[in-house]
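Keep in mind that what you see is a predicted model, and the values were worked out from it rather than measured.
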Amino acid sequence: MKAYFILFVMLITAIAADAQKLNPFRPEVNGRINNVENNLGGWVKIQGSTGWNIRARMAYYHINGLSIAIINNYKIEWVKGYGWADTALKIPVTTATLFQPASVGKSIHAVGTMKLVQDGKLDLNRDINDYLKRWKFPYDSVSRGKKITTLQLLTHTAGLSVHGFDGYKWGQPLPNIIQILDGRPPANSPAVRSIFEPGIKFEYSGGGYTISGLMDEDVTGQPYASYISKTVFKPLAMTNTFYYSQLTGKQKNNLATAYRSDGKDIGCKYHIYPEDACGASLWTTPTDLAKFIIELQLSLENKSNKILSAATIRQMFSPQVGKDNAAGFFIEQKGNDKYFHHDGLNEGFVADYYASVKDGNGVVIMANTDLAAYIDITEEITNSVATVYGWKGFYTPVLKKEINVPDSITNKYCGKYKFRDDSEQSVTIFKKNGKLWFHDSSSPSPWLMHFSSNTDFFFYEVVFNIHSFTSNPKGIIDGFMIKAPDGSFKVKKI
């Protein structure tokens, strides 16, 4: 009998241990996870409605896989994966699945570059050609005699071309950094050159970050990936973060597959990017990015100095020319608090993070999809996190009351509409399951129409616009007006 009792206790203990492995979070954390998963929201909230479920929204956006990390009080509170890293092989997303964060890597690059500034090896305000050795920026009349500085590269105020890079399919020849900057084959992007004089306005340029990456190599005498690994990844124990050139065969088995916004693959498992500094070639996890964010938050409070001092980070967080573009980050005021953030988009991948300047809060989201709509799931998840974790003033949706419009009215709205006579872009409004749907020819999927009056409608996917059907003197529907913050125009029914 005693032996049976001991065996029974051992069995119960084993079951409890297995359950803890499957669900390692405390009950109060599980409650917050459940709330985050069921409170997704966009720019508008319909009175009396509840938030969206994360899996339902993944299905709506055709998102195969997604991973989230939550930062609370300067600590990673929970990390969770959803869906599939690879649909064909039925590989689920885990907390160890690596995604391409794309331009989120610009924040990492900026920290690595500012370490050189902090150490006195780079001057933020000197001509970049003072540091470039293997290649010099070819100034021309467009720059009007002004020299480009490192600070301008990091804040996108250098007046340079090349917003981003498309990458290369497997088997295609890869260009080196000089070929990329000069737009020479096999590079598939144009040359990085001046498009207006530096220092006068914001113009996002991954090309500028590529120049900055070359500078880091020339100043340190090290390959870029090696320098950032030693300076950023190793001190922060970012053990699952690599540039593509650093990946081993074992690590490549853990990479998520890239998918389009319709859920289909991009023609290969993922694109290969030789551009490191702009973040294109980076692979990482939300956990590792959360470690990076927490270090910045702690450094600002003088509670850690593994890479940068509080003074250096405050210098980085100072917007230049524009109101929010800082060095490697965008700074946003939400309520009474400030947040630093960056998003990224590669072929088949999207990433985003928001982090508070004070109090140690944040969220990191990564998914193997292209952006799916004007309002995408990363923003909806961030809004949910802000609501559940009490980020005051962060999420302030527009409240609207939705009404049911009789079929006798909505049937008249069905048909085709044209934006301009000289444009191919058109809209088809049709009825399905008793609801009106709006399909813009430039959008991959139709949008459900919501009515606040018999003539006024709105979409979750289009921020702040007001739409209203119009009639001719005979009462026949002849189009609809779009009233946007930057102007209004009519779309004619044809």
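Inter-residue side-chain proximity for Tyr389 and Arg32 is flagged as met; some heavy-atom pair is nearer than 4.5 Å. Contact annotation: the side chain of Leu160 approaches that of Ser194 to within less than 4.5 Å [non-hydrogen atoms, C-beta and beyond]. The shortest side-chain heavy-atom distance between Thr150 and Thr113 falls under the 4.5 Å cut-off. Put simply, the side chain of Ile33 reaches to within 4.5 Å of the side chain of Phe25, judged on heavy atoms. Counting heavy atoms from C-beta on, the side chains of Ile482 and Phe419 come closer than 4.5 Å. Side-chain contact between Ser189 and Asp166: absent, with no pair of heavy atoms (C-beta onward) separated by less than 4.5 Å. By the 4.5 Å heavy-atom criterion applied to side chains, Gln179 and Pro185 are not counted as neighbours. Contact check for Ser261 versus Tyr61: no side-chain heavy atoms found under the 4.5 Å cut-off.
In this structure a side-chain-to-backbone donor-acceptor pair under 3.5 Å is missing from Ser443 to Asp440. Panel note: side chain Asn34, backbone Asn30; no donor-acceptor pair is recorded below 3.5 Å. With Arg193 contributing its side chain and Leu181 its backbone, the two residues share a donor-acceptor pair below 3.5 Å. Gln297 places a side-chain N or O within 3.5 Å of a backbone atom of Ser356 that can act as its donor or acceptor partner. Although no hydrogens or angles enter the test, the distance criterion places a donor-acceptor pair under 3.5 Å between the side chain of Tyr209 and the main chain of Gly328. With Tyr460 contributing its side chain and Gly41 its backbone, the two residues share no donor-acceptor pair below 3.5 Å. Between the side chain of Gln100 and the backbone N or O of His271 there is at least one donor-acceptor pair closer than 3.5 Å. Ser103 contributes no side-chain N or O that, together with a main-chain N or O of Lys106, makes up a donor-acceptor pair within less than 3.5 Å. Without hydrogens or angle criteria, Asp288 side chain to Thr241 main chain gives a donor-acceptor distance under 3.5 Å. Judged by distance alone, with hydrogens and angles left aside, the side-chain atoms of Trp43 form a donor-acceptor pair with the main-chain N or O of Val462 at under 3.5 Å.
The aromatic ring centres of Phe480 and Phe438 sit less than 6.0 Å apart. Two rings, from Phe430 and His439, have their centers 6.0 Å or more apart. A centroid separation of less than 6.0 Å is found between the aromatic rings of Phe317 and Phe340. Note: Tyr270 and Trp170 meet the aromatic proximity criterion, with ring centroids under 6.0 Å apart.
By the 4.0 Å N-to-carboxylate-O rule, Lys493 lies too far from Asp478 to be salt-bridged with it. The residues Glu380 and Arg57 are annotated as salt-bridged, a charged nitrogen and a carboxylate oxygen being separated by less than 4.0 angstrom. One finds a salt bridge joining Lys269 and Asp86 here, because a Lys/Arg side-chain nitrogen approaches an Asp/Glu carboxylate oxygen to under 4.0 Å.
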For this session: Could you please spell out the steps behind the side chain to side chain contact (heavy atoms under 4.5 Å, CB included) verdict for Tyr244 and Ile272?
Result: CA-CA 7 Å; Tyr244 184 78; Ile272 298 171; 3.6 Å; yes
Exercise. Step by step, would you call Ile377 with Leu40 a side chain to side chain contact (heavy atoms under 4.5 Å, CB included)?
Worked result: CA-CA 8 Å; Ile377 196 169; Leu40 277 65; 4.1 Å; yes
Problem set entry | Residues Phe202, His156; criterion ring pair (Phe, Tyr, Trp, His ring centres under 6.0 Å); working and verdict | CA-CA 6 Å; Phe202 171 85; His156 302 285; 5.7 Å; yes
Exercise. So Arg55 and Tyr82, side chain to side chain contact (heavy atoms under 4.5 Å, CB included) or not? Walk me through it.
Worked result: CA-CA 8 Å; Arg55 292 175 180 84; Tyr82 303 81; 3.8 Å; yes
For this session: Just do the side chain to side chain contact (heavy atoms under 4.5 Å, CB included) check on Tyr353 and Val104 with the steps written out, would you?
Result: CA-CA 8 Å; Tyr353 75 83; Val104 167; 3.8 Å; yes
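Scanning both residues, Val162 and Ala191, for their nearest heavy atoms gives CG2-O, 3.7 Å. For Leu345 against Asp370, the heavy-atom pair with the smallest separation is CD1-CA, 3.9 Å. Contact between Val44 and Phe459 at its shortest, heavy atoms only, is CG1-O, 4.5 Å. Annotation for Ser384 and Val36: closest pair OG-O, 2.7 Å, computed over non-hydrogen atoms. Between Ala88 and Tyr259 the shortest heavy-atom distance is N-OH, 4.4 Å. Ser161 and Ser205 get closest at one heavy-atom pair: O-OG, 2.8 Å.
Around NZ of Lys252, the count of heavy atoms belonging to other residues, nucleotides or ligands within 6.0 Å exceeds 12. The environment of CD in Gln47 is crowded: more than 12 heavy-atom neighbours from other residues, nucleotides or ligands sit within 6.0 Å. The 12-atom threshold is exceeded at NZ of Lys431, counting heavy atoms of other residues, nucleotides or ligands nearer than 6.0 Å. The environment of Arg144 atom CZ is sparse: at most 12 non-hydrogen atoms of other residues, nucleotides or ligands sit within 6.0 angstrom. A 6.0 Å sphere centred on CG of Asn472 holds more than 12 heavy atoms belonging to other residues, nucleotides or ligands. Heavy-atom neighbours of Lys490 NZ from other residues, nucleotides or ligands within 6.0 Å: above the threshold of 12.
Ring-plane geometry between Tyr204 and Phe330 is classed as parallel, the angle between the planes falling under 30 degrees on a 0 to 90 degree scale with a further cut at 60. Using cut-offs of 30° and 60° for the angle between ring planes, the Trp135 and Phe137 rings count as perpendicular. Ring geometry for His341 versus Tyr354: interplanar angle under 30°, hence parallel rather than tilted (30 to 60°).
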Can you give each donor-acceptor pair under 3.5 Å made by side-chain atoms of residues 394-404, sequence neighbours left out, with the distance rounded to 0.1 Å?
| unit_1 | atom_1 | unit_2 | atom_2 | d |
| --- | --- | --- | --- | --- |
| Tyr395 | OH | Gly42 | N | 3.4 |
| Tyr395 | OH | Gly42 | O | 2.6 |
| Glu402 | OE2 | His450 | ND1 | 2.9 |

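Taken to the nearest 0.5 Å, the NZ atom of Lys418 stands 6.5 Å off from the OG atom of Ser423. Rounded to the nearest 0.5 angstrom, Asp456 CG and Ile466 CD1 are separated by 7.5 Å.
Of the candidates Leu154, Thr210, Asp276, Leu282, Leu154 is the only one forming a side chain to side chain contact (heavy atoms under 4.5 Å, CB included) with His109. Test Tyr413, Phe469, Trp437 against Phe457 for ring-ring contact (aromatic ring centres under 6.0 Å, His included) and you get one pass: Phe469.
Both tests pass for Lys201 against the ring of Phe196: distance under 6.0 Å to the centre and angle within 45° of the axis.
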